[in-house]
Structure formats: structure tokens, C-alpha cells
Amino acid sequence: MSYRTTGLGDDPVAFNEGTSLLVSGASMTVQERVYDVLGGANDDEETAILISTDRGVADVVRSFQERGAFDAGRLGVIDCTGRDGPESVQGAPVRRLGSPGDLTGMSLEFAKLVDRFEDAGAGDRARVGLATVSTVLMYTDVRTAFRFLHVFTSRIRSGGLFGIFAMDPGMHDQQTVNTVRAVFDCEARIDDDGDVDLRGSGFRTA
Amino acid sequence: MGSEQPTVLVVEDEPPLVEIYARWLESEYRVRTAQNGSEALEQVDEDVDVALLDRLMPGMSGDEVLAEILDRAPDCRVAMVTAVEPDFDIITMGFDDYLTKPVEKETLLETVDRLLERSDYQRLEQEFYALVSKRSALQAAKSAEELSTSEDFAELEHRIEELETELDTAMGDVDDGEFVAMVRDIEAEGEDPAEPPDGETDPFAEDVQDGADSDDSPGGGAR
């Protein structure tokens, strides 16, 4: 079963299970798009896990609520902004990491959240967001980030999940952007007017 | 690894289990056995590729033995054998995978196989990154026309595609434990200053320089 979204332009798009999408464009815009796509999980078998490097969990929850897409039993947040706080916000599980450079911590908490949702009977279909790859790149070298993303997208493919990764190409040199791009199945380029250019494989437009 | 059979060390304090595991493994691997921590340390050297380690042995704890094994054979992959399903936290302690008792033959052989494959994967992955980063440098520096007429670039593209397929095969299905273990290793290597920096990008520094000029030329923009 595919992952449908109306968050990428006027026409609905259906992503195949296991696909990883890069959303590229200006920083604020791409983050909003990641929330649009993550929040589009409208079937009861889907959960959403967001790894947030920029927004603290309170803002994350608010962003989901604004979209009418907040479901405490189906959202998990890994807050990498270094803020302290409780282990759940409005009922949704929260994991906290000290830094967006803690890749092992991210993978560990991700694995635990997937496990937790499965144990709770929330199903094994999940949309997984990372907002943003650009921030991760400020804390680690390109090679490490590339290898991390490669293993992460492999995990997403094996699990039949749907990965949504945000990057602002304006923050990096062209070589870095091209290198990171190579990891993903498809890319949605968002221009300054908000128009979306979707290219690559792993999806169908309706 | 070449044609040599990989070596597996079984550390388990129950003799019947040692015997069974060894019998299952013997057809494909060289097998060493140990019934406690100190015996395990006598058996460990750099030839050991995979160790199966019972966490709850009398005497030295599995965690202590693990630390010693990784000290003597840093490339050795270690799977914990345990009666209770462990938390993913064992991965950050240094274990690469785990087996829950009772261990079945198929699961045991599969796990050993996957741990060995992970080394293949890492070798392929290094080449993959080097080539992708080379391609990115060229894409950033040369015009689309230049690249589309370059045989070298076409060959580079082809090899990258081949590697993608090889990597998918080598990696197989990645479960959560493996995922965490691989990220742990990637991060550890990233922090290691002894790791040679991307030597491959150096020879291209010139290319990039040359190309930067052509990018400014009127024909440079395909748009």
C-alpha cells in the first residue's frame, strides 16, 4: 500500500512503500512541506516519527495541530535541539538528544519508537521525517552524513516505510548538495513561489 | 576474506549448546569454542571474524569479555546470545546483534552470515561514496553538455548504478538492531582522525578549478 499526500502541489501523489524523498528549497518552506507530508497520514495503520533538529517539540506539536494532524498515539518526536523537558508532550512520546550531530542517538531512539508503536498495535507503516539534513550537515562531515543517510534510507526501504528529508541547498556548496541528493529515490524541489518540481522514482501522481 | 573460511568463536557455558552450535557452524566456518570468559580471551585474536557471546556466564561478565574481544580483535563482529530479548541499548555497548535462546540453526547461520556481509557492505560503500562525491564535483564544475559527451563520466555513472545494486544485495534487509549498529560504526569512524580524509577528491581539485571557468561561459547554463 502506498503513502498518499496532497502536501506537494495540487495533485495527490502516492509514494511506494520504502521510498525516501528529499524535499529541497528554502529552509522555512521545506520544513513546512515536511510537516504537510508527515501530517498527511490519514489512515489508521500509519504512524509518524519526526526527527527535529531545529524546532523544539512544543513547536512540532503545534505545527501538527495547525494541520489538524496531531494524534498522540501515532506521533513520535525525536527532539535534537538540546532542550530538556518531559518524555511526552500532550500524550505523544518524546525522545531528547543533546545535539543534531548525535546520529547514533537518532537511530537508537528511532528504533525504539518504531518498536513502541508496533508493540502498541499502531501498525508497522510509518512516515519518517528528518528536518533538517542541512542542520545535521553543520554538525558532521559530508561523508559521515552521507553514510548515515544511506543506511537510514536502506532501513526505510527494508521496513516499507516512507522517508521525508528536508534540505536547504542554499546552505551548502553544490558538490555537497549533489552528493547528498544521490542517496534519495526522489526529490521535490520547491521554488520561491512554492511551486513543486517532483523528479526521480518511487511515486505516482494521480 | 578470500577463499579462507571465516572463523567463528562460540562462547557458551553450557557444553551441550557449545557442541550443537559448533556442529551447525562447522560446515561453513572454522570454529573455536570457549566455556567461560578467560577461555574466550585465550581463543581471541585477529583471525576471529565473528564471536557469539553468552552474556550471562559465570565468572567474567559478557560485557567485560566483549570489551576485551574488541580490544584484541577490533574488526570482530559480536552477537550477544541471551535468554531475554535485549533492549537496543546493547548496540551502543558494542554488540552488533543478538540471538535469543533457544537459538535455532537457521537463525544462527543467518546471523553469522549477515555479520560477515556487513564487512563486504562497508568496502562497497566506501567505493560508492568516493564515486558519488567525484560525480558531484564534476556536476558542480562542468556544464551539462560537457558531461553528456564525456565517456569517462558515462562510465562513472554506470559504475555508480552497478554499485547501488551491489550494495542493496550486500545489505539485504536491514532490521532496527543492524541499523543502529551500522550508524554507531559510521559515527565512530567519522570521529577517527586516523581515517584518511577523502583522498579521492584531491586529484579532482584541478578539474573543479578548470570547470569553474567554463561554468561562467555563456554556453555553461543548460537552462
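Quick note on labels: first sequence line is chain A, next is B, and so on, each numbered from 1.
Under a 3.5 Å cut-off, the side chain of A:S158 and the backbone N or O of B:V174 do form a donor-acceptor pair. The closest donor-acceptor contact from the side chain of A:Q175 to the backbone of B:S133 lies under 3.5 Å.
B:M182 CE to A:R147 CZ: the interatomic distance, rounded to the nearest 0.5 Å, is 9.0 Å. We find the CD1-CZ distance between B:I186 and A:F146 to be 10.0 Å, quoted to the nearest 0.5 Å. Of the inter-residue distances, the one linking A:L108 atom CG with B:T92 atom OG1 reads 5.5 Å to the nearest 0.5 angstrom. Considering CG of B:D173 and OG of A:S154, their distance stands at 10.0 Å, rounded to 0.5 Å.
For CD of A:E118, the number of neighbouring non-hydrogen atoms (other residues, nucleotides, ligands) closer than 6.0 Å is greater than 12. In this structure, A:D192 places its CG atom where only 12 or fewer heavy-atom neighbours from other residues, nucleotides or ligands lie under 6.0 Å away. Heavy-atom contacts from other residues, nucleotides or ligands closer than 6.0 Å to CZ of B:F153 number more than 12. Counting non-hydrogen atoms of other residues, nucleotides and ligands closer than 6.0 Å to CG of A:D84 gives a total of 12 or fewer. Annotation for B:R72: atom CZ counts as buried by contact number, over 12 foreign heavy atoms lying within 6.0 Å. Heavy atoms of other residues, nucleotides or ligands lying less than 6.0 angstrom from CD of B:E64 number more than 12.
Proximity to chain A (any heavy atom under 4.5 Å) is restricted, for B:E125, to the side chain, taken from C-beta onward. In this structure, chain B has no heavy atom under 4.5 Å from any part of A:D173. For A:V142, the parts lying under 4.5 angstrom from a heavy atom of chain B are both the backbone and the side chain. For B:D175, the part lying near chain A is the backbone, with the side chain staying farther off; criterion is any non-hydrogen pair under 4.5 Å. With a threshold of 4.5 angstrom between heavy atoms, B:L167 approaches chain A through side-chain atoms but not through N, CA, C or O.
Two residues are said to be in side-chain contact when any heavy atoms from C-beta on lie closer than 4.5 Å; A:R181 and B:Q139 fail this criterion.
B:E187 and A:T104 share a donor-acceptor pair across their side chains, judged by distance under 3.5 Å alone.
Closest heavy-atom contact between A:T179 and B:S136: OG1-OG, 2.9 Å. In terms of heavy-atom proximity, A:S107 sits nearest to B:V180 at O-CG2, 3.6 Å. Here the closest non-hydrogen pair linking A:V151 and B:F179 is CG1-CD1, 3.5 Å. Smallest separation of non-hydrogen atoms from A:A182 and B:E164: O-OE2, 4.0 Å.
Not less than 6.0 angstrom separates the ring centroid of B:F88 from the ring centroid of A:F110. A:H150 has its ring centre no less than 6.0 Å from the ring centre of B:Y129.
Under the 4.0 Å criterion applied to side-chain N and carboxylate O atoms, A:K112 and B:D176 are not assigned as salt-bridge partners.
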